[in-house]
Every structure is written in structure tokens, then in C-alpha cells.
Number of protein chains: 2
Amino acid sequence: MSSAIDLGEQDEQGEEKRCLNSELWHACSGPLVCLPTLGTRVVYFPQGHSEQVAVSTNKEVEGHIPNYPNLPPQLMCQLHNVTMHADVETDEVYAQMTLQPLTPQEQKDTFVPIEIGIASKQPMNYFCKILTASDTSTHGGFSVPRRAAEKVFPPLDFSQQPPVQELIARDIHDVEWKFRHIFRGQPKRHLLTTGWSVFVTAKRLVAGDSVIFIWNEKNQLLLGIRRASRPQTVMPSSVLSSDSMHIGLLAAAAHAAATNSRFTIFFNPRTCPSEFVIPLSKYAKAVYHTRVSVGMRFRMLFETEESSVRRYMGTITGISDMEPLRWPNSQWRSVKVGWDESTAGDRQPRVSLWEIEPLTTFPMYPPLFPLRLKRPWHPGIPFPYGDIEDAEILYNSYYDPLLYPMVLPESPLEDAEPEADEPTA
Amino acid sequence: MSSAIDLGEQDEQGEEKRCLNSELWHACSGPLVCLPTLGTRVVYFPQGHSEQVAVSTNKEVEGHIPNYPNLPPQLMCQLHNVTMHADVETDEVYAQMTLQPLTPQEQKDTFVPIEIGIASKQPMNYFCKILTASDTSTHGGFSVPRRAAEKVFPPLDFSQQPPVQELIARDIHDVEWKFRHIFRGQPKRHLLTTGWSVFVTAKRLVAGDSVIFIWNEKNQLLLGIRRASRPQTVMPSSVLSSDSMHIGLLAAAAHAAATNSRFTIFFNPRTCPSEFVIPLSKYAKAVYHTRVSVGMRFRMLFETEESSVRRYMGTITGISDMEPLRWPNSQWRSVKVGWDESTAGDRQPRVSLWEIEPLTTFPMYPPLFPLRLKRPWHPGIPFPYGDIEDAEILYNSYYDPLLYPMVLPESPLEDAEPEADEPTA
DNA sequence: CTGTTGGCGCGGAGCCGACAA
DNA sequence: TTGTCGGCTCCGCGCCAACAG
């Protein structure tokens with residue numbers, strides 16, 4: 001029950017619609033969302049996946065979750081499939097990925113590629129407007145900001161009085177919507193009148209939601225929506241308990257890791273606090289190439305309400321495991337931070353290394369020869385700072401995996417305990 | 001995001017609304033739905049739970065699902081909580097249950113109680129009408145069947161011309177809806193006019209859906225809906241893959257069974273093909289008290305479109321495991337049947353013993369003294385017909401657990417294999 | 001430049017009985 | 001008994017410019 005944009009091989013689930021311009025999907029997802037490239041190697045974080053489920057179901061884990069000792073906090077995988085989707089009911093965008101954990105041999109043979117994912121190619125001719133009360137009321141139409149209209153709408157014929165034209169825009173399901181675009185009033189302004197209210201009604205838009213218009217290279221007008229209400233989106237509680245969902249994602253990943261078989265995940269960019277499938281190269285660069293220490297200043301990108309990007313500044317206050325018992329030696333949100341601005345409403349108190357940009361860059365010392373790293377991030381053995389709470393200085397390695405091939409552990413599972421189903425504490 | 005009707009102890013999830021008349025929930029669920037009683041012992045069937053997920057997500061299991069050898073096909077549990085809910089968006093009814101697998105000691109001490117669940121007390125003064133095209137069009141109101149109006153609506157004052165009154169009905173979320181009830185036209189008929197269309201719009205009703213009006217003992221008018229479209233209800237595919245959901249429910253139940261801890265399930269009576277949590281007494285009566293054989297005739301209750309009940313006749317064509325590899329010795333849909341009427345559209349080709357009513361009843365031979373059954377339905381040891389495909393005659397026991405206490409296996413897990421995460425085939 | 005409001009006209013929501021099934 | 005339709009009325013959707021921020 002969703003439209004799909006297939007980025008690669010055959011979609012396993014027989015989705016029908018494809019070939020929709022992925023610009024619209026990315027525009028709806030936001031400027032910071034970046035999907036990994038099909039066929040490349042990625043790192044999957046069960047903790048991040050769990051966070052998404054917790055946000056989606058609006059419930060933290062309540063019951064007891066079994067341990068999966070063979071499931072590392074970061075799981076290297078081959079990305080076999082990436083498809084973009086949009087919920088038919090709500091137009092909520094999400095991506096489906098098919099991952100396959102790498103065998104020890106594959107990990108050994110791995111060379112970290114250079115590419116770091118599909119750049120979130122924000123289209124040039126687009127605009128995003130937050131709907132006002134007037135835009136969504138039944139009293140009138142949609143007031144188009146002047147610059148927006150001139151940039152993304154076809155030019156009006158100003159010989160007419162008033163200048164009018166019909167706009168045809170396609171939404172993410174490839175459905176056509178027609179609007180009357182008129183330039184009138186005193187002072188003059190661009191308006192969408194006829195056709196606008198049926199769109200608002202059909203999409204159930206309210207003041208505070210946003211619409212996105214895109215004029216792409218093929219001279220097509222695309223139309224997307226983004227809902228304001230972050231809290232409590234879908235609540236599929238009537239299907240499966242949230243505890244079972246948490247167990248399900250962990251057990252599915254653990255099973256796939258144990259058997260080197262494929263598993264499928266969904267990524268909801270609008271609800272998910274942080275991406276939990278990232279390119280291996282991005283991970284390697286951040287973990288082995290970056291030196292961070294307590295007190296260090298950093299920048300981090302955030303999305304604004306108007307769908308643009310701004311930087312927030314902060315200071316690293318600690319480096320430690322987020323969940324030492326369940327996920328020891330995890331890179332997920334291992335950096336504790338404080339934010340400069342007091343209005344740090346939804347900014348997390350913990351971030352991951354690849355999310356931030358340290359300000360004080362140390363000079364790099366490339367090694368004289370390719371360094372062989374003996375299981376540099378094996379979950380079974382501690383990190384350099386693995387036992388240090390709030391370490392003073394952390395530097396992972398001078399080794400640059402983007403410049404030199406990275407040698408990976410020969411057998412990441414060889415000293416792990418047999419998988420059991422036991423309580424944590 | 002749902003209303004809840006609490007049947008017992010404190011709801012763990014902090015739901016706010018309660019105390020709604022459960023008559024409405026049962027009316028919306030259908031006349032055959034019967035929830036087990038709080039505090040009693042029940043039998044949980046992972047296979048049935050899996051069926052519900054498959055129907056809800058509209059996807060069969062595609063990937064590979066790990067085995068859970070310690071999870072028996074029928075799991076005896078204590079029922080700690082039962083709450084009735086309705087989805088806020090769709091009014092879809094569902095129940096939440098908290099189950100706790102019994103310890104070997106508890107199973108040993110079990111006496112099968114007599115009660116067999118909350119009788120689905122269909123209220124007396126109610127009616128259910130399938131909406132016509134005229135009922136749902138914007139052209140007019142709702143045509144009330146004469147008998148229905150006279151039975152469940154307050155009597156009109158026929159001294160007026162025409163007789164009119166205002167009806168106030170509460171839906172399952174306790175929201176008030178007001179309607180103008182008038183008796184007019186030539187010939188005279190009961191109609192709901194003002195207020196009806198806003199209800200149809202708000203609930204997104206279409207022709208084919210049903211409405212239910214109930215006049216309960218407290219002189220309250222209740223109003224429920226039932227949607228016609230059985231196929232593809234909610235599709236929460238954007239949260240968790242259906243494979244992960246299947247794994248999740250199995251892993252959650254297996255973990256709870258291994259640790260004797262509580263787990264939570266949701267039951268959707270409108271989408272679920274068969275109830276997968278049934279009272280222990282009902283199970284025991286069907287499995288130990290009933291003799292069935294190939295060729296035997298039986299009756300089974302089904303719900304009609306008009307929310308009433310009718311019997312369909314059929315013949316038993318075989319008795320065997322539905323999924324011999326994954327669920328050996330399972331009572332779930334162990335009876336293969338053929339239906340008399342060729343229009344057996346959605347009637348399953350396999351049913352469970354407790355769903356049918358054999359027509360040829362053998363005389364009962366109560367034992368002279370309480371019979372001690374050594375693990376009569378332990379999953380690790382075969383049933384009397386466990387190795388027989390399409391057995392000619394099956395009789396489980398003359399022992400009647402409703403008349404005599406049933407002695408249960410001392411340790412249902414003692415000879416099970418250690419839990420592993422291995423492929424099936 | 002753009003959000004909101006008063007004015008107002010017209011299309012469809014919605015009430016009615018007439019039919020017929 | 002009740003589903004659908006033509007007729008009719010009137011409410012409110014929706015187009016317009018006038019403001020003001």
C-alpha cells in the first residue's frame with residue numbers, strides 16, 4: 001500500500017509504481033537525509049533502529065528484552081536493495097533497505113570505497129512554505145510567496161488582465177493535481193485558487209504543515225507535503241506490541257548476522273532521530289580518522305522549520321557507552337555533548353562521531369605504509385577508550401581508510417559467546 | 001492513541017479513557033468474538049498470532065524465520081490483563097492481553113475451571129444496517145429500517161406533525177453525535193437527517209460499511225461502525241518489516257516462555273482469521289473430550305453480513321499437522337475439512353477442534369476415578385495421532401476436564417532441546 | 001510583501017415527497 | 001417497506017479587493 005521508487009534491483013515485494021523522481025522523496029525527507037548507495041557496504045546500528053521503533057510507537061521499552069550476544073552494536077552489511085516509499089494514506093516518506101551481514105571472509109577482503117552515499121541532491125528550483133491559517137481555511141486559496149512563484153512556477157502571460165494559468169503538479173504517488181494560478185489583488189500577489197481546497201482536504205493538511213513545489217529539469221511540476229506534527233505519528237499498536245517490535249528487530253538482525261542472510265529494515269527519515277544505516281566509508285572516516293576529546297568544540301547540522309540547514313555549536317562533555325550493559329563498546333551516541341544555545345529543545349544530549357564536525361582539527365599523520373588493523377572495532381574486544389569513562393582524549397587512529405585499503409577482522413564472531421536467551425541484569 | 005476499556009487491573013500503558021460500555025466493543029467485534037476472562041488460564045497459539053500478522057500486513061512470511069524449539073505450538077498462560085481498545089483514526093476494534101506462561105509447578109497445580117470466557121453478550125436492543133449508496137451520498141440522510149427504529153430509538157411524539165426528536169449517540173471513543181430523527185414521507189418512514197452527513201464524513205464511511213445502534217439498560221444510545229473492506233486494512237509497513245514482526249512475536253513468546261515472564265499481544269477480531277488465545281477449559285474440552293474421525297460431519301458457526309450468526313456444514317477430510325516441520329504436534333488447524341456449499345469463499349480448509357461442533361456425538365464414558373494424565377499435550381511427545389497422517393479415527397481421551405481436575409505435566413520443558421537459532425530445512 | 005477579513009455569488013449539501021422495487 | 005430520484009432552498013465554499021503589519 002505504498003508507492004515505491006526503486007533504486008536498483010528488482011523489488012522483492014512486487015511494488016507496482018516506480019520511476020518517480022527521487023527529488024521529491026528527498027525534498028520531503030529533508031536536506032540532511034542521505035541514503036547509502038546500492039551495492040555498497042554499510043554499517044547498521046540496532047540501537048538506532050530501536051530508537052526509531054520507540055519514536056514511531058511512542059513507547060519506550062517496558063518489558064524485558066532478551067540479549068543477543070552475537071549481535072554487535074555495529075553490523076557491517078552489504079546493501080542489496082534501497083527503495084523509496086510513501087505511505088498511501090499519509091504520504092509519510094520512508095525507505096526500505098535489504099541488508100546482508102558480511103561473512104568473515106568478505107570483511108577480510110573489504111576495501112573501503114570512497115563514495116559516501118547518494119548525495120541528497122536538493123533540487124534548485126523548489127520552495128517550501130509552512131501553511132498559514134489562511135492557506136488552510138475554507139475561506140480562500142493559497143498565497144504564494146513572490147520569489148517562490150517566480151522561481152518555480154512557469155511564467156505568467158502578463159498581457160492578460162489579470163494574468164492566469166493552470167498549473168498541473170504531480171504528488172509523490174504520481175497523482176495529478178490542478179490549480180488555478182492567478183496574479184491579482186492590491187498589492188498584486190500570486191495565488192492558487194481553484195483546486196487548492198480539494199488538495200488541502202484530500203491530504204488533510206492543517207496550518208503548520210508544509211508544502212513543497214519543485215520544478216525539475218524535465219519541466220515537471222512536483223508537489224510534496226511535510227506534516228508539522230512530529231509527535232505521535234502512526235501508532236500501529238493494534239498489530240504488535242512495541243516490546244515485540246523491539247525484540248523482532250533485534251532477533252531479525254541477530255538471526256541474519258548468525259546465518260549471513262538478508263534482512264529488511266524500514267527507515268523513516270521524518271521520525272527517526274538519527275540515521276542507523278550509514279555508509280561504511282563514512283563510519284570508518286569518523287571512527288578512525290577523527291580525534292575528539294572532552295572539551296573540544298564542534299558543529300553539527302540541523303534542519304530548520306523552513307527545510308533549510310543551519311549549524312549549531314556545542315562542546316564535547318564526555319565519551320562513553322550509552323548503554324554499557326546491553327551495548328558495550330558501541331559507537332552509537334558515544335559522545336556526550338552540551339549545546340551552546342539554551343533553546344536546545346529536541347537536540348540530543350548524545351551524538352555519534354559521524355554526525356559532528358570537530359572544530360579544532362589536528363594535523364594528520366599518514367602512516368608510511370598501510371597499517372594492518374587487528375580487529376579495530378570488533379565488538380568483543382574493547383576500544384582504545386572502551387574502559388575509560390569520560391576519557392580526556394580520544395583518538396582512534398591516524399589510519400585513513402579513504403586513502404588506504406582497510407583490513408578488517410578475520411573472524412568477527414570467533415570469540416563471541418553462543419547466542420542465548422537470558423536476562424540482561 | 002486509542003480508547004481503552006479496562007476489564008481488570010491497572011492498565012500498564014496509562015490509557016486515559018475507560019468505563020465505556022463493552023457492549024459496543026462486542027457489537028463491533030461481531031457475535032462470535034469471545035474474550036477470555038481476566039485471571040483465568042488460557043492457551044496461546046503462536047501460529048494463530050502469526051496468521052493475524054500475516055493478514056494485517058497483507059504479507060506472508062518471505063524471508064527465513066529462525067526456529068524457537070522451546071516455544072511449544074500451544075502455550076499455557078495466566079491471563080493478567082485484558083483491555084478493549086479502538087483505533088482513534090479508524091475505530092478498528094482490538095484487544096490487548098498480557099499473558100504469563102505458567103511455570104511447571106503452576107501447570108502441575110492447575111485445575112481446569114468451568115468458565116469458558118466472557119460470553120459475547122449481544123445486547124437486546126440493537127440493530128446493524130449495511131449502508132446503501134443513498135445512506136452515504138451527500139444527497140440525503142439515513143433511512144432507518146422501521147423495526148430497528150421502533151426497537152432501539154426512543155419513541156417519537158406522534159402528536160407532532162411530523163414527529164421529530166433529537167437523538168444523541170455516543171461512539172466507542174465516548175464522543176457524542178447528534179442526529180435529527182424524523183418520521184415523514186409518503187409512505188411514512190424513519191429518517192436521520194441533520195447531523196448524519198457529518199458523521200459519515202468524519203468516520204469516512206462508504207456504501208457497504210455498517211452502523212450499529214444500541215439502546216442499553218442505562219438508557220444510553222451507543223453508535224458503532226464496522227467497515228466492509230476486509231482486505232488490506234492497516235499497513236504499518238513503514239515501521240517494521242513483516243518478517244521482523246513474525247520473528248518478533250515468536251521471539252517475544254519464546255523469551256517469555258523461557259523466563260516465565262509476561263508478554264503482551266494484540267488481538268484484532270475483525271482481521272484475525274481465528275482466535276489465538278482461548279480459555280484453557282475450552283481447549284481441554286475440545287482436545288480431550290471430543291472424538292473426531294475422517295468422514296465425520298460437523299457444524300461450525302459463521303458470521304453473516306448482517307452481523308448475525310449462521311451454521312455451515314462440512315465433513316472432516318483429514319487430521320494432520322498443518323506445518324509438520326515448524327510446528328509438529330500442533331492442535332492449530334489440525335483438522336482438514338470440506339464444506340458442503342460450493343460458495344466456501346473465505347471459509348478455511350483447516351480448522352481447530354474447538355471451532356467445530358461434531359454432529360455424531362459418541363456417548364461419554366466418565367472414568368471411575370480421576371485419571372492422572374502424564375503430560376497429555378506436551379509438545380515434546382507425540383499425540384495419539386501425532387505420527388498418523390489423515391488418521392481414520394481420532395479420540396483423545398474420555399477424560400473430562402470439566403468434571404474432574406486435570407493434572408498437568410510436571411515439567412513441560414525438561415526434555416526440550418536447548419534454544420538455538422538455526423535454519424529449519 | 002503577505003496574512004487576515006468583509007463582501008458576495010453560486011454551486012452543491014441537504015430536506016422534501018414522488019415513485020417503484 | 002425502503003432505495004433512489006427530481007425538485008427546491010439555503011448555507012457556506014471560495015473568489016475578490018481592502019486593509020494592516
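Chain identifiers are assigned alphabetically (A, B, ...) following the order of the sequence lines, protein sequences preceding nucleic acid strands; residue numbering begins at 1 within each chain.
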Task: Result of checking A:W25, A:F267, A:Y94 against A:H85 for ring-ring contact (aromatic ring centres under 6.0 Å, His included) - done: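 One option only clears the test, and that one is A:Y94.
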Task: Members of residues 152-162 of chain B that approach DNA chain D, where some heavy atom sits under 4.0 Å away - done: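 The answer is none.
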Task: Neighbours of DNA chain D within residues 187-207 of chain A, by heavy-atom distance under 4.0 Å - done: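 Heavy-atom cutoff 4.0 Å gives A:P187, A:R189, A:T193, A:T194, A:S197.
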Rounded distance in Å - [atom1] ([X]) to [atom2] ([N]):
{"X": "B:Q186", "N": "C:dA20", "atom1": "CD", "atom2": "P", "value": "15 Å"}
{"X": "A:F142", "N": "D:dG14", "atom1": "CZ", "atom2": "C1'", "value": "16 Å"}
{"X": "A:R180", "N": "D:dC15", "atom1": "CZ", "atom2": "C1'", "value": "7 Å"}
{"X": "A:F183", "N": "D:dA17", "atom1": "CZ", "atom2": "C1'", "value": "14 Å"}

TODO: By nearest nucleotide on DNA chain D, pick out whichever of A:T138 and A:R184 is the more 5' one.
DONE: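 Looking at the nearest nucleotide for each, A:T138 comes out on the 5' side.
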Open item on the list: So does B:S143 get a backbone contact from the side chain of B:K129, meaning a donor-acceptor N/O pair under 3.5 Å?
Closed with: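 Yes: the side chain of B:K129 pairs with the backbone of B:S143.
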[X] vs [N]: side-chain N/O to OP1/OP2 distance below 4.0 Å:
{"X": "A:K129", "N": "C:dG3", "value": "yes"}
{"X": "B:S134", "N": "D:dG3", "value": "no"}
{"X": "A:S137", "N": "C:dT4", "value": "no"}

Task: Test of ring centre spacing under 6.0 Å for B:F142 and B:F199 - done: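 Ring-ring flag for B:F142/B:F199: false, centres at least 6.0 Å apart.
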Task: Ring-ring centroid check B:F213 B:F153, cutoff 6.0 Å - done: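 B:F213 vs B:F153: aromatic centres under 6.0 Å.
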Open item on the list: I'd like to know if A:D91 pairs up with A:R227 as an ion pair, taking the criterion as any Lys NZ or Arg NE/NH1/NH2 lying under 4.0 Å from an Asp or Glu carboxylate oxygen.
Closed with: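 No, no charged N to carboxylate O under 4.0 Å.
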- [ ] Pick base, sugar-phosphate or nothing for B:S143, based on heavy-atom distances below 4.0 Å to the nucleic acid.
- [x]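 Sugar-phosphate contact only - B:S143 comes under 4.0 Å of backbone atoms but never of a base.
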Task: Distance-minimising heavy-atom pair for A:S307 and A:Y126 - done: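 In this case the closest contact between A:S307 and A:Y126 is O-OH, 4.0 Å.
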- [ ] Specify whether A:W339 and A:F302 have parallel, tilted or perpendicular ring planes, treating 30° as the upper limit for parallel and 60° as the lower limit for perpendicular.
- [x]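 A:W339 vs A:F302 ring planes: perpendicular.
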Task: Partner of B:H190 under side chain to side chain donor-acceptor pair (under 3.5 Å), chosen from B:H181, B:R184, B:R146, B:E150 - done: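 Exactly one pass, corresponding to B:H181.
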Open item on the list: Between the base of C:dG6 and the side chain of A:H139, is one N or O donor paired with an acceptor at under 3.5 angstrom?
Closed with: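 Yes, a donor-acceptor pair under 3.5 Å.
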Task: Face-on cation placement of B:R189 at B:F183 ring, 6.0 Å and 45° thresholds - done: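 No, B:R189 does not sit over the ring of B:F183.
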